[in-house]
There are 2 protein chains.
Amino acid sequence: MNHMPGISVRTKERVFAAARELRYRPSTFGRGLVKPGQPTLGLIIDDLTNPYYPELASAVIGQAARYRWNVVLAETVHIQDKHQLIIDLSRQTDALLGYFSIDPEQLTDELAVTPFVQLDTAPPAPTGSVALDFRAAMDDLVEHLVARGIQHPALLDVTKPDATSARGQRFVDGMRRHGRHVAVTRIEESSMDAGVKGGRAVLSACPETDGIVAFNDVVACGVLKMLQLDGIAVPDRIRVAGYDGLTLGTFVTPQLTTIEINMRAVAETAVDLALGMYAGDLPMSGPECHRTVTHRLVVREST
Amino acid sequence: MNHMPGISVRTKERVFAAARELRYRPSTFGRGLVKPGQPTLGLIIDDLTNPYYPELASAVIGQAARYRWNVVLAETVHIQDKHQLIIDLSRQTDALLGYFSIDPEQLTDELAVTPFVQLDTAPPAPTGSVALDFRAAMDDLVEHLVARGIQHPALLDVTKPDATSARGQRFVDGMRRHGRHVAVTRIEESSMDAGVKGGRAVLSACPETDGIVAFNDVVACGVLKMLQLDGIAVPDRIRVAGYDGLTLGTFVTPQLTTIEINMRAVAETAVDLALGMYAGDLPMSGPECHRTVTHRLVVREST
DNA sequence: TTGTATGCGTTATCAA
DNA sequence: TTGATAACGCATACAA
């Protein structure tokens, strides 16, 4: 069936006829045993419906394709047992990358030899990891908003009650250095609808608000929508900024100022880490397989 | 290593130590040969950066997950030789689904036994296929726009020069039945920026235009942006409609009227076809493995 | 508690 | 031009 030289046409046809008859398909496993094919990368994300993840996934798939790696994409939103997903996927792929977390205790002997690269995690991870450093960009945003004359900044954060996200805390601290107090409103869900409601809550808590920084671009789009619905001018009356740098931010009017993450850099860094660990050039954990990618302030129309 | 009963702790530890030492990982192929794991579905799309595909991919991955199938996602935008991609991927997966085309001549004996499901293809495909029937929904859109008093409709189509898309032709024909002539403008690229430019072209070609139907939601968002930039009221002065029913259409202001495709239905239909073909319940081609999913008009604010 | 043999499906080599 | 056979890495049943 593999078109080897020296097979008579008659025989070949006879073989193919039998194959069709039996619905025969060569086994990936049998074949892979003899001649190894392309390795496979497992990419774990939350939900492609959240506009953040397609941009990440596209960048990762593109980078993986450069090395001829295949990518199995898994959405945790469909999965109940996330730890089991990691186990299953680690058995079926050659390296695992994305948004997931592994407790050091859960890191059994079996998993200890699998190349893992966790995204956007705090440095002390028992695996490879790529940290996202927003600090300078957030400081730039603070400077930018202050220069624009913001007096009453607000933060629309997505966290559990009484917690503040790291990025949000950076914003609060930065504004405090400029003598501005940030009014913090918290919502639990990251969605546009939540942004609409959250935006309303921000204004009813503090009507003189003249600047809103949202947890991310999706929420910021909700804020923009709410302001448009209520006839509040952006950026004249209230300035709005997001976080992530999604393409989505250029679709809305006014276009969204945002703290952009360089998805290509993240993907390149993470894939290179995973492939390096797979190839044995890097250990499975430790400082050698930790990288940092920095954010960048992108000023558009909404501020 | 598989935690079989009756292994002494000392031996087990000795084995794991050696495994760590050698960076040993069990071979997927060797293991798969003995005990078959989960099958894998290959999903071929153009580009996750185009908001249409994440919604499709998410639905397909979700449906596949219900049957515990894994999904390998491939973006053709990164690939030069699309036919080679199909061959490679068909070797490494158990069924192939998505946006691709197979010439009947290219359908060699080897490929003839692979379950293929092509999306949005004209019925006569040599594989499984899911057709998208927009006709009734497009007729509904025509009625809707006429009822709203449209006199000078325009179509912003994405096609090669001098061709008209099937959906666009349906719109033109429908309007003609109501005595309206549709001014057709063609652009070659489906993107928001192209929509901005195309929208301008529409208005300069026919300034009295009072309704624009775009090839899809992304282009329609570009039209909306252009109208907003130029201070033209939507829907009061010009009504705008899109096609696809993307979530994106709810992010923009005004929210976009659109011809919605039921992604969940498409995904369920396509995955069920692919799995049926894989299981042998369905042939690899012919009317038994052809399905149709219908569109639906969703009226929002832009009309 | 540990070692050994078998078979999974494929490719490649070698003898016929 | 064709048939037979080893080897790939693993899980398992069985012998020691």
Side-chain angles (χ1 to χ4, degrees), chain A residues 1-42 68-70 72 84 87-96 108-115 277-280, chain B residues 1-42 68-70 72 84 86-96 108-115 277-280 284:
Chain A
M1 293 194 69
N2 296 347
H3 309 293
M4 280 178 59
I7 304 290
S8 75
V9 178
R10 210 182 67 84
T11 304
K12 188 185 282 193
E13 181 44 50
R14 203 152 44 97
V15 169
F16 274 116
R20 269 193 303 274
E21 172 82 17
L22 299 168
R23 306 182 99 261
Y24 165 82
R25 294 207 64 206
S27 148
T28 313
F29 298 123
R31 177 176 280 161
L33 216 43
V34 177
K35 36 175 52 182
Q38 303 311 323
T40 299
L41 176 69
R68 310 214 52 193
W69 278 52
N70 287 120
V72 171
Q84 191 58 45
I87 295 194
D88 291 346
L89 216 50
S90 73
R91 289 213 178 114
Q92 292 173 9
T93 61
D94 300 290
L96 231 50
T108 60
D109 302 274
E110 181 182 354
L111 294 179
V113 289
T114 303
M277 292 163 78
Y278 172 79
Chain B
M1 293 194 70
N2 297 346
H3 308 291
M4 279 178 60
I7 304 290
S8 74
V9 179
R10 210 182 68 84
T11 303
K12 188 185 280 191
E13 181 43 50
R14 203 152 45 96
V15 169
F16 275 117
R20 270 195 302 274
E21 172 85 15
L22 300 168
R23 306 181 98 261
Y24 166 82
R25 294 206 65 207
S27 150
T28 314
F29 299 122
R31 176 177 282 159
L33 217 42
V34 177
K35 38 172 52 180
Q38 303 311 321
T40 299
L41 176 70
R68 308 215 52 193
W69 277 53
N70 286 119
V72 171
Q84 190 58 45
I86 293 176
I87 295 193
D88 291 346
L89 216 50
S90 73
R91 289 213 178 113
Q92 294 175 6
T93 61
D94 301 291
L96 232 49
T108 60
D109 302 273
E110 181 182 353
L111 294 180
V113 288
T114 303
M277 293 163 78
Y278 172 79
M284 291 304 176

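Residue numbers begin at 1 in each chain, while the letters A, B, ... track the order of the sequences.
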Student: In terms of the nearest nucleotide of DNA chain D, which residue is placed more toward the 5' end: Thr28(B) or Arg14(A)?
Tutor: Arg14(A)

Student: How many Å lie between CZ on Phe29(B) and P on dC10(D), as a whole number?
Tutor: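 After rounding, the gap between these two atoms is 12 Å.
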
Student: Using 0.5 Å steps for rounding, measure from the CG atom of Asn70(A) to the OG1 atom of Thr93(A).
Tutor: 11.5 Å

Student: Mind checking whether Met1(B) and Phe16(B) have side chains closer than 4.5 Å, heavy atoms only?
Tutor: yes

Student: Please state how far atom CE in Met4(B) lies from atom P in dA11(D), giving the value in whole angstrom units.
Tutor: 10 Å

Student: For Arg91(B) and dT10(C), what is the distance between atoms CZ and C1' respectively, to the nearest whole Å?
Tutor: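 Between C1' of dT10(C) and CZ of Arg91(B): 13 Å.
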
Student: Look at Ser8(B) and dT2(C) and indicate whether a side-chain polar atom (N or O) is within less than 4.0 Å of OP1 or OP2.
Tutor: yes

Student: Rounded to the nearest Å, what distance is computed from the CZ atom of residue Arg25(B) to the C1' atom of nucleotide dC10(D)?
Tutor: 14 Å

Student: Could you tell me the separation between the CZ atom of Arg31(A) and the C1' atom of dC10(D), rounded to a whole number of Å?
Tutor: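 In whole Å, dC10(D) C1' and Arg31(A) CZ are 20 Å from each other.
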
Student: Could you state the CE-P distance from Met1(A) to dT10(C), rounded to the nearest angstrom?
Tutor: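 For the pair Met1(A) CE and dT10(C) P, the rounded distance is 9 Å.
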
Student: Under 4.0 Å between a side-chain N or O of Thr11(A) and OP1 or OP2 of dT2(D)?
Tutor: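 For Thr11(A), the contact criterion (side-chain N or O under 4.0 Å from OP1 or OP2 of dT2(D)) is met.
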
Student: Which whole-number value in Å describes the distance from Leu22(B) CG to dG9(D) P?
Tutor: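 One finds 13 Å between P of dG9(D) and CG of Leu22(B), rounded.
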
Student: Give a yes/no answer on whether the side chain of Lys12(B) brings an N or O atom under 4.0 Å of OP1 or OP2 in dT1(C).
Tutor: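 No, because none of the side-chain N or O atoms of Lys12(B) sits under 4.0 Å from OP1 or OP2 of dT1(C).
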
Student: Would you kindly compare Ile7(B) and Val34(B) by the position of their nearest DNA chain C nucleotide and give the one closer to the 5′ end?
Tutor: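 Closest to the 5' end, via its nearest nucleotide, is Ile7(B).
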
Student: If you define the side chain from C-beta out and look only at heavy atoms, does anything of Ser8(A) sit under 4.5 Å from Arg14(A)?
Tutor: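 A side-chain contact is absent here, since even the closest heavy-atom pair is not under 4.5 Å.
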
Student: How about Thr40(B) and Gln92(B): do any of their side-chain heavy atoms sit closer than 4.5 Å?
Tutor: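 Thr40(B) vs Gln92(B): side chains apart.
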
Student: Would you kindly compare Pro5(B) and Lys35(A) by the position of their nearest DNA chain C nucleotide and give the one closer to the 5′ end?
Tutor: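 Result of the comparison: Pro5(B).
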
Student: Taking only Lys NZ, Arg NE, NH1 and NH2, and the carboxylate oxygens of Asp or Glu, determine whether Glu13(A) and Arg20(A) approach each other closer than 4.0 Å.
Tutor: yes

Student: Distance check needed: dC10(D) P versus Asn2(B) CG, whole Å only.
Tutor: 10 Å

